Amino acid sequence: MAESLKSFINISDLTEKQLFDLFSIAESMEEILHKKEPCDICKGKILATLFYEPSTRTRLSFECAMLRLGGKVLGFSDASGSSVSKGESLADTIRTVAGYSDVITLRHPHEGSARVATLYSHVPIINAGDGGHQHPTQCLLDLYTILKVKKAFSGLNVMISGDLKFGRTTHSLAIALGKLGANLYFTSPPGLEMPEYIVHQLENDLHVHPILSHDLREHIGIADVVYMTRVQRERLGEMEYLKYRGSYVMGNDTLKEAKSDAIILHPLPRVDEIRPEVDLDPRALYFEQAYNGVPIRMALIATLLEVI
Amino acid sequence: MKSMHIIHNGTVIDHLPPGMGIRCFELLQKQNIGTEATIVFMNMPSSKCEKKDMVKIQDYRLDEETSTYLSMLAPSITINIIENGEIVKKITPEIPDEVKGIVPCVNSRCITNTEGYPSEFYVTSKNPVILKCKYCEFEFNPE
């Protein structure tokens with residue numbers, strides 16, 4: 001990479017060249033994965049995974065990525081088992097763990113926490129989700145999945161649906177796709193619309209004008225990519241969650257209206273927004289998407305550690 | 001120099017939009033003024049705009065940080081420093097491109113509202129003032 005990447009906090013931290021370099025490295029990582037042979041690209045390196053919030057795919061795919069690269073992992077997946085439960089600050093935890101590892105992956109409930117972590121670390125920080133703000137590595141694997149199937153981003157009609165207010169994956173994705181020339185359609189229940197700062201950034205900085213809707217079926221017929229998300233129960237009160245639960249459900253009846261070559265993505269976990277019947281449709285690519293988290297995270301780790 | 005009849009030494013915050021005088025006084029009380037004699041003028045006629053508010057504080061010199069803070073709330077203000085009944089300094093505060101620590105981020109979910117991390121903002125618009133948090137990227141008008 002021409003410009004070195006110190007940490008990865010926000011999808012906007014990457015230039016277009018850096019982004020496509022990562023995709024290219026991820027392709028070569030897929031070859032390593034397919035061969036299933038030992039790899040020592042990250043031999044002697046340690047990845048710390050500090051997960052203050054629950055995670056299945058993100059944490060395990062980071063750990064899998066580092067292990068496949070020949071490195072080692074340490075960390076916690078439940079802050080209650082660490083000194084955080086004794087009141088240790090994020091800054092102190094980061095300072096400490098930076099001494100034990102070569103790169104830190106952080107998931108934290110507060111927005112902006114990963115950016116703060118960079119102030120206290122001499123090793124690279126990877127944002128694995130900071131509250132309802134951003135989830136940039138999910139964005140990388142979303143983009144990588146789209147590129148593998150659609151071969152380009154420019155001119156694609158991408159419909160992003162669900163809880164766009166708290167669904168942090170949608171924030172990173174919208175900005176990235178806007179930069180890459182896709183046409184954006186935001187579909188959400190009233191009250192869970194895309195945050196204004198994201199819409200402003202798209203309109204004012206990127207001159208992209210997303211089309212907003214409250215109806216899942218309104219734009220599904222022209223979408224090349226349908227990106228579904230769940231309602232973020234953990235960021236809503238229970239009454240509010242019950243109000244929104246089940247407001248958007250993709251079943252075979254809805255899918256009938258989609259293009260024959262559209263792809264259906266979801267960052268997972270899903271709750272009830274995609275019925276299991278859809279899993280059998282060849283357009284449903286969310287499990288392939290989850291798999292793609294490994295090669296793209298291998299590419300990111302190797303790039304940040306400057307071992308490739 | 002124009003003579004000031006009300007205070008002989010202190011600060012005059014002029015050209016506040018109508019309604020901002022009391023707000024400005026309350027904010028200054030929270031910030032740092034204590035027992036200094038203060039007069040708040042409201043809805044005064046103005047040559048620049050139809051009406052204005054004004055705050056005069058005896059024996060008090062506004063610091064740069066507070067000037068910046070007030071200019072973000074009311075970009076039109078001018079600040080006069082009075083010594084011995086004369087205006088010795090007239091300040092039209094400039095809104096900076098970035099601000100640190102003056103106001104908290106209004107996003108309650110922002111990391112800067114926990115554990116005492118200092119707030120920092122980009123000023124993305126100067127009139128009206130819009131601040132964007134450097135950490136959580138939440139945008140808001142500090143008024």
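Within every chain, numbering begins at 1; the chains are lettered A, B, ... in the order of the sequence lines, protein sequences first and strands thereafter. In this text, all values refer to a predicted model and were calculated from it rather than measured experimentally.
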Query raised in the report: Is there a side chain to side chain contact (heavy atoms under 4.5 Å, CB included) between His108(A) and Ile111(B) once you walk through the steps?
Result: CA-CA 9 Å; His108(A) 196 277; Ile111(B) 186 74; 3.9 Å; yes
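- Glu115(B) places a side-chain N or O within donor-acceptor distance of the main-chain N or O of Leu90(A), the cut-off being under 3.5 Å.
- More than 12 heavy-atom neighbours from other residues, nucleotides or ligands sit within 6.0 angstrom of CD on Glu203(A).
- No donor-acceptor pair under 3.5 Å is formed between the side chain of His110(A) and the backbone N or O of Arg109(B).
- In this structure, the portion of Lys134(B) lying under 4.5 Å from any heavy atom of chain A is its backbone and not its side chain.
- For Tyr117(B) (side chain) and Ala91(A) (main-chain N/O), a donor-acceptor pair under 3.5 Å exists by modelled atom type.
- In Lys126(B), the NZ atom is crowded: over 12 heavy atoms of neighbouring residues, nucleotides or ligands sit closer than 6.0 Å.
- The CG atom of Asn107(B) sits 8.5 Å away from atom OH of Tyr197(A), with the distance rounded to the nearest 0.5 Å.
- Contact annotation for His171(A): neither backbone nor side-chain heavy atoms come within less than 4.5 Å of a heavy atom of chain B.
- Looking at heavy atoms from C-beta onward, Gln201(A) lies out of side-chain contact with Glu139(B) at the 4.5 angstrom threshold.
- Distance check: Cys110(B) SG to His133(A) NE2 gives 9.0 Å after rounding to the nearest 0.5 Å.
- For Phe20(A), the CZ atom is densely surrounded, since the number of other residues' heavy atoms within 6.0 Å is greater than 12.
- With rounding to the nearest 0.5 Å, the separation of CG in Asn113(B) from CD in Glu111(A) is 10.5 Å.
- Note that CD of Gln134(A) and CD of Glu137(B) are 5.5 Å apart. Values are rounded to the nearest 0.5 Å.
- Atom CD of Glu196(A) has 12 or fewer neighbouring heavy atoms from other residues, nucleotides or ligands inside a 6.0 Å radius.
- At a 4.5 Å heavy-atom cutoff, the contact between Asn10(A) and chain B is made by side-chain atoms alone.
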Requested in this report: Take Leu119(A) and Tyr135(B), measure what side chain to side chain contact (heavy atoms under 4.5 Å, CB included) needs, and give me the verdict at the end.
Outcome: CA-CA 11 Å; Leu119(A) 305 178; Tyr135(B) 298 98; 3.4 Å; yes
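- Contact annotation for Ile198(A): neither backbone nor side-chain heavy atoms come within less than 4.5 Å of a heavy atom of chain B.
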